[in-house]
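Before any comments, here is the structure.
Both counts, for ligands and for their atoms, begin at 1 and track the order of listing. Small disclaimer: the values here were computed from a predicted structure and weren't measured.
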Amino acid sequence: MKVLENHSLKKLNTFGIDAAAKYFVEFASIDNIKEILSERKFSTCNKLILGGGSNLLFTKNFDGIVLKNELKGIELLKEDADFYYVRTAAGEVWHEFVMHCIKNNYAGLENLSLIPGNVGASPMQNIGAYGAEIKDHFYELEAFHIGDKTIRTFNNSQCKFGYRESVFKRELKDQFIITSVTFKLLKNPKFNTSYGAIEKELEAMNIKEVNIQAISKAVCNIRRSKLPNPAEIGNAGSFFKNPEVVKGKYEFLKINYPTIVGYELENGNVKLAAGWLIEQSGWKGKTFGDAGVHKLQALVLVNYGNAKGNEIFDLSQKILESVKEKFGIELEREVNII
Ligand code: FAD
Ligand code: EPU
């Protein structure tokens, strides 16, 4: 294992921000982690666990050690009459893992196809898309405690999953390195095609009999048509969360803004489309140097080349303030600001 100094992170974050890590190391085993942390210099400095870098915005160089996760391996742990229990190392690429599941007819993750990043980050914000979230099929995870250097297991309820939330973003922030995640996947698929344009896309694909392969393909097609590909335009997906408001607030807004987009939740509140709020505040397609708001999806901030992290951050702050002024709603950033 080689610890690199002043290492560029430009190719390691999907925003393509030119930041550097004071120290940088890749780990491929738990022994590797222990070895690095046994050095006082590294055990005492700031640490950042890096997966695919697709949910981060670097606003400055990282003054500490970046630990890049390269833990690999997928294993069918056990099966019973209804489920497959599949454990995957945290450094596996999420979409490749989903493809592995689909190939083996392990059902449940197909709606989450093509989300960038690694498996290890998926529980951090309980990744979700097209009517599914990982918590629906999550069994348990293992994580290395940076302080006492032991491995702990967390079951579904211990992770305290919510919408783009988990205990690892809150009470246990920066304390653990997630090393593996086990999913409980279905032997008999339950197709979930009601969300967004999935059914329309399946029809366009001329699918007569739905299966998990077709759903995955439909989701990939929709995502490719809507979201910028980070290989072409730097971005980290949705920059803000979709805000939840009480129904009264939604109905009040609807009087002045009849086209406002909102989805009623089980708790009676309404989830508003932040993309709509940002578009109506006049930001869609705007550019400021190389920083901008995507022209097809106002929830996605982009780097057209050489934007600095703090230029993107400043743009997000202006958006936040203008949405607050127009609608009285405070957006919350979804991307992790470093
Ligand atoms: P990173 O960006 O590397 O890290 C994210 C955070 O997790 C950081 O705080 C990091 O320190 C921490 N972390 C990473 N790995 C570990 C670990 N092993 N242990 C402890 N902490 C860790 N997200 C969705 O939920 N739904 C979507 O539909 C979606 N669409 C996207 C589309 C695009 C085009 C892009 C660019 C992003 C999208 N995202 C989406 C966001 C992103 O893909 C997810 O958040 C993903 O899980 C991030 O994975 P990563 O490995 O890149 O994490
Ligand atoms: N909309 C606009 N203008 C825009 C963008 C969106 O009016 O510029 C409105 C449209 O009415 C559209 C609605 O908002 O129908 C919802 O848009 P979309 O289907 O693109 O989804 P989203 O709410 O913007 C969320 C997630 C995405 C996830 C998709 C699909 C959040 C913060 N974002 O986006 O996740 O892929 O739904 O399920 O919840 C991510 O987290 O990075 C991410 C991309």
* **For atom 39 (O) of ligand 2, closest protein heavy-atom neighbour** =>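 Checking every protein heavy atom, the shortest distance to atom 39 (O) of ligand 2 gives Tyr163 OH, 2.7 Å.
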* Result of checking Glu334, Glu165, Glu330 against Lys241 for salt bridge (Lys or Arg N to Asp or Glu O under 4.0 Å) ->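 When Glu334, Glu165, Glu330 are each tested with Lys241, the salt bridge (Lys or Arg N to Asp or Glu O under 4.0 Å) holds only for Glu165.
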Could [X] and [Y] be counted as a cation-pi pair, given that NZ or CZ must be under 6.0 Å from the ring centre and within 45° of the axis?
X	Y	result
Lys47	Phe42	no
Lys78	Tyr85	yes
Lys184	Phe83	yes

What atoms of ligand 2 come closer than 4.0 angstrom to any heavy atom of [X]?
X	answer
Phe240	32 (C)
Val261	11 (O)
Tyr263	13 (C), 16 (C)
Tyr195	37 (O), 38 (O)
Gly237	42 (O)
Ala129	36 (O), 38 (O)

Solution key, residues 6-13 side-chain donor-acceptor pairs under 3.5 Å, sequence neighbours excluded:
unit_1, atom_1, unit_2, atom_2, d
Ser8, OG, Lys10, N, 3.2
Lys10, NZ, Gly16, O, 3.4
Asn13, OD1, Gly16, N, 3.1
Asn13, OD1, Ile17, N, 2.9
Asn13, ND2, Leu9, O, 2.7
Asn13, ND2, Ile17, O, 3.1

* Going by distance only, is there an N or O of Gln125 that falls short of 3.5 Å from an N or O of ligand 2? ->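 No; every N/O pair is 3.5 Å or more apart.
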* Within-cut-off N or O pair, Ala298 and ligand 2, under 3.5 Å ->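 Indeed, backbone or side chain, Ala298 has an N or O that close.
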* **Close residues, ligand 1: non-hydrogen atom nearer than 4.0 Å** =>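 Residue list for ligand 1: Thr14, Leu48, Ile49, Leu50, Gly51, Gly52, Gly53, Ser54, Asn55, Leu56, Asn69, Ile115, Pro116, Gly117, Asn118, Gly120, Ala121, Met124, Gln125, Ile127, Gly128, Ala129, Arg164, Phe176, Ile177, Ile178, Arg223, Pro228, Pro230, Asn235, Ala236, Gly237, Asn336.
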* Before accepting this row, confirm whether a basic side-chain N of the pair Glu70/Lys68 lies closer than 4.0 Å to the acidic partner's carboxylate O. =>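 Judged by the 4.0 Å cut-off on N to carboxylate O distance, Glu70 and Lys68 do form a salt bridge.
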* For the pair Lys247 and Glu264, find out whether any cationic side-chain nitrogen is under 4.0 Å from an anionic carboxylate oxygen. =>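 Salt bridge between Lys247 and Glu264, a charged N being under 4.0 Å from a carboxylate O: yes.
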* Centroid-centroid under 6.0 Å between Phe183 and Tyr139 rings ->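 No - the distance between ring centres of Phe183 and Tyr139 does not fall below the 6.0 Å cut-off.
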* Aromatic ring proximity Phe176/Phe154, centre distance under 6.0 Å ->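 Between Phe154 and Phe176, which both carry aromatic rings, the centre distance is below 6.0 Å.
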